[in-house]
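Read through the structure below, which is laid out as structure tokens, and then see the notes.
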2 protein chains.
Amino acid sequence: MNSVKNLPEKTIERLSQYRRVLLDCLRQGKYNIYSHELASLLHINPVQVRRDIMLIGHNGTLRKGYDVKRLSDMIGTIIDSKEGQKVAVVGVGNLGRAIMTYFQGKRTKLVIAAAFDTDPAKVNRVIAGIRCYAASEMEEVIRKEGITIGVITVPPDKAAESAEKLVMAGIRGILNYTPVALNVEPHAYLEEYDMVTSLEKVAFFVKNRS
Amino acid sequence: MNSVKNLPEKTIERLSQYRRVLLDCLRQGKYNIYSHELASLLHINPVQVRRDIMLIGHNGTLRKGYDVKRLSDMIGTIIDSKEGQKVAVVGVGNLGRAIMTYFQGKRTKLVIAAAFDTDPAKVNRVIAGIRCYAASEMEEVIRKEGITIGVITVPPDKAAESAEKLVMAGIRGILNYTPVALNVEPHAYLEEYDMVTSLEKVAFFVKNRS
DNA sequence: ATAACATTGTTATTTTTGTAACAAAAAGAA
DNA sequence: TTCTTTTTGTTACAAAAATAACAATGTTAT
């Protein structure tokens, strides 16, 4: 079977990036775009762009490139859920707030619906447009709101506990920003990102450049 | 040639993660670790762990695993620079502060030495232990301090300008957290990370799970 | 002492990802 | 019209990454 479910992981990442660029284009009144333009905006190869677009079953127009609106809609049908998905941010520290602020009114299909923290100064307040609940209410709120994705931005020592609570609440996907490897399989899809690793990687390549 | 410079990119990322786990082990008084333990802590395959460790020319002891201290030191010789490297954070918003706080006193070989912002309320103050300078002083401070790496955490519309300034100041590596693809080649090594893409990826896999 | 086991180190194989090559066809030039 | 150029769509190839297979060998059990 060659359906959308089998798209390569890297292609999914790039689709998200293509759409970001495409939405910028629309804002600027640009209605067509060539594969090589998309490619150079993202520092990748034009062939890869065409290949990705082929894989999702879209097609462009010879010598006119891709219709920006149509392509971005098409990407939407691939990566968005029809009814949208709700996201919870667990941990309203600097990083949590960064994400909440960043998403404010950005996507309609991926909405941050709740934040959780243990700090009484934050609980029951609205931060960056998002209601902050007590961590103890997590299961209840997640179920009631139908939240499917959790973003963990708590301090490292609270990470495992937060993940466990999310899983208990029936969460389906977790994006973990703490440097603690979580164990949530097979209940939830897990994506981990560690800023230190990224920075150390940059440092390594800086050091080893001729 | 099969030197350290030719290590696969993914291996570099994993080395950073191995070290993180190894340092945790040391703190907990665990002095030996098996490849399968390291692997399960990072959700990867034990063979990959052994292979990575082989590639850096380290070796363990049969049936005793790897010496935690020796291995973590060895990883240090690969990914750290002997004299260390200094990092600047450009943009002291929520995300910038998250990174500054996070690094406070963590690594000795990778030190955040300065932050930059345009907000007068932040300039010339010390935030999370780091001196915040005016953006206009960027070139001067970076050269004077010998800063080699820049982390960009400004709002999207300031991203290109910030990158340009960093390059002008002779920066060698950039970690870009804004959703704007920068063009800094061939002056600096560039690593980009977009939180929206990560979240959309999680959303996609949540949606497409059986 | 011998057998069974556990674990590393390494080579071989498979899978995934990226790139090159090129046919097809529309647009413009001669 | 016919030729050249440009750009897509697709297949073929190459590179990178991950996994499997297995030899080597020390350890424990019998």
Side-chain angles (χ1 to χ4, degrees), chain A residues 1-18 22 25 30-68 70-71 74-75 191-192 197 201 204-205 208, chain B residues 1-18 22 25 30-68 70-71 74-75 191-192 197 201 204-205 208:
Chain A
M1 190 185 55
N2 213 2
S3 88
V4 154
K5 294 208 182 198
N6 300 10
L7 287 171
E9 184 168 335
K10 293 290 177 188
T11 294
I12 299 301
E13 292 179 16
R14 284 190 297 266
L15 287 175
S16 164
Q17 293 168 346
Y18 298 154
L22 293 171
C25 286
K30 181 171 169 59
Y31 298 113
N32 284 281
I33 192 165
Y34 297 131
S35 61
H36 67 259
E37 293 178 297
L38 258 174
S40 95
L41 286 167
L42 295 170
H43 311 315
I44 60 175
N45 189 308
V47 179
Q48 198 158 55
V49 173
R50 296 205 295 277
R51 214 166 176 289
D52 287 335
I53 291 174
M54 180 189 83
L55 287 175
I56 65 173
H58 185 85
N59 55 348
T61 313
L62 200 49
R63 291 185 68 106
K64 286 200 171 167
Y66 301 95
D67 180 309
V68 173
R70 260 185 65 228
L71 179 51
M74 184 69 178
I75 293 174
E191 169 90 6
E192 317 216 47
T197 291
K201 185 176 156 192
F204 174 84
F205 285 110
N208 286 357
Chain B
M1 189 186 58
N2 213 3
S3 88
V4 155
K5 294 207 181 199
N6 300 11
L7 288 172
E9 183 168 337
K10 294 288 180 189
T11 294
I12 299 302
E13 292 179 16
R14 284 190 298 265
L15 288 175
S16 164
Q17 293 169 346
Y18 297 154
L22 294 170
C25 286
K30 181 171 170 59
Y31 298 113
N32 283 280
I33 192 165
Y34 298 129
S35 61
H36 67 258
E37 293 179 297
L38 258 174
S40 94
L41 285 168
L42 295 171
H43 312 313
I44 61 176
N45 189 309
V47 179
Q48 198 157 57
V49 173
R50 296 205 295 276
R51 215 167 176 290
D52 287 335
I53 290 174
M54 180 189 83
L55 286 175
I56 65 174
H58 184 85
N59 56 349
T61 313
L62 197 50
R63 291 186 69 106
K64 287 201 170 167
Y66 301 96
D67 180 309
V68 173
R70 261 184 65 227
L71 178 53
M74 184 68 176
I75 293 175
E191 170 90 6
E192 317 215 47
T197 290
K201 187 176 154 191
F204 173 84
F205 285 110
N208 286 356

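Residue numbering restarts at 1 for every chain, and letters A, B, ... go by the order of the sequence lines. Side chains are part of it too, since the values below use all heavy atoms of this structure and drop only hydrogens, waters and symmetry mates. Bear in mind the structure is a predicted one, so any value in this text is a computation, not a measurement.
Residues A:L42 and A:R14 fail the side-chain proximity criterion, which asks for heavy atoms closer than 4.5 Å. For the pair B:R50/B:Y66, a side-chain contact is recorded, criterion being any heavy-atom separation below 4.5 Å from C-beta on. For the pair A:I44 and A:V49, the minimum side-chain heavy-atom distance is below 4.5 Å. For the pair A:L15 and A:L7, the minimum side-chain heavy-atom distance is below 4.5 Å. The shortest distance between side-chain heavy atoms of B:Q48 and B:K10 does not fall below 4.5 Å.
When the options B:N59, B:I75, B:L71 are evaluated for a side chain to side chain contact (heavy atoms under 4.5 Å, CB included) with B:I53, the one that passes is B:L71.
With D:dG9, D:dA18, C:dT10 as the candidates, the nucleotide lying closest to the side chain of B:Q48 is D:dA18. The side chain of B:Y66 lies closest to C:dT8 when the candidates are D:dA17, C:dT8, C:dT17. You'll find that the side chain of B:P8 is closest to D:dA17, out of D:dT19, D:dA17, C:dT19. Distance from the side chain of B:R50 is smallest for C:dG9 among the nucleotides C:dG9, D:dT19, D:dA17. The side chain of A:M54 approaches D:dT10 more closely than any other nucleotide in the set D:dA17, C:dG9, D:dT10.
What separates CD1 of A:I53 from P of D:dT7 is a distance of 15 Å, to the nearest Å. Whole-Å rounding puts the B:N6 CG to D:dA16 P distance at 10 Å. Rounded to whole angstrom, the span from the CG atom of B:N45 across to the P atom of D:dA20 amounts to 6 Å. In this entry the distance linking CD1 of A:I12 with C1' of C:dT16 reads 14 Å, nearest Å. Rounded to an integer number of Å, the gap from A:L42 CG to C:dT17 C1' is 17 Å. What separates CG of B:L55 from P of D:dA18 is a distance of 12 Å, to the nearest Å. Nucleotide D:dA16 holds its P atom 11 Å from the CD atom of B:E9, rounded to whole Å. Between the CG atom of B:L38 and the P atom of C:dT7 there is a distance of 14 Å, given to the nearest Å.
When the side-chain nitrogen and oxygen atoms of A:N59 are compared with OP1 and OP2 of D:dT8, none of them lie within a distance under 4.0 Å. In terms of phosphate contacts, B:R14 brings a side-chain nitrogen or oxygen within less than 4.0 Å of OP1 or OP2 of D:dA18. Under 4.0 angstrom from either OP1 or OP2 of D:dG9 there lies no side-chain N or O belonging to A:Y34.
In this structure, the side chain of A:K30 engages the main chain of A:N32 through a donor-acceptor pair within 3.5 Å.
Under 3.5 Å, the side chain of A:R51 and the base of C:dT19 form at least one donor-acceptor pair of N or O atoms.
Among the protein residues, A:S35 comes within range of the sugar-phosphate backbone only, with heavy atoms under 4.0 Å from sugar or phosphate atoms but none that close to a base.
To the nearest 0.5 Å, atoms CD1 (A:I12) and CG (A:L55) are separated by 9.5 Å.
Take the nearest nucleotide of DNA chain C for A:T11 and for B:T61: the residue whose nucleotide is more 5' is B:T61.
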Per-nt protein contacts along nucleotides 25-30 of chain D (heavy atom under 4.0 Å; B base, S backbone sugar-phosphate only, - none) come out as BBB---
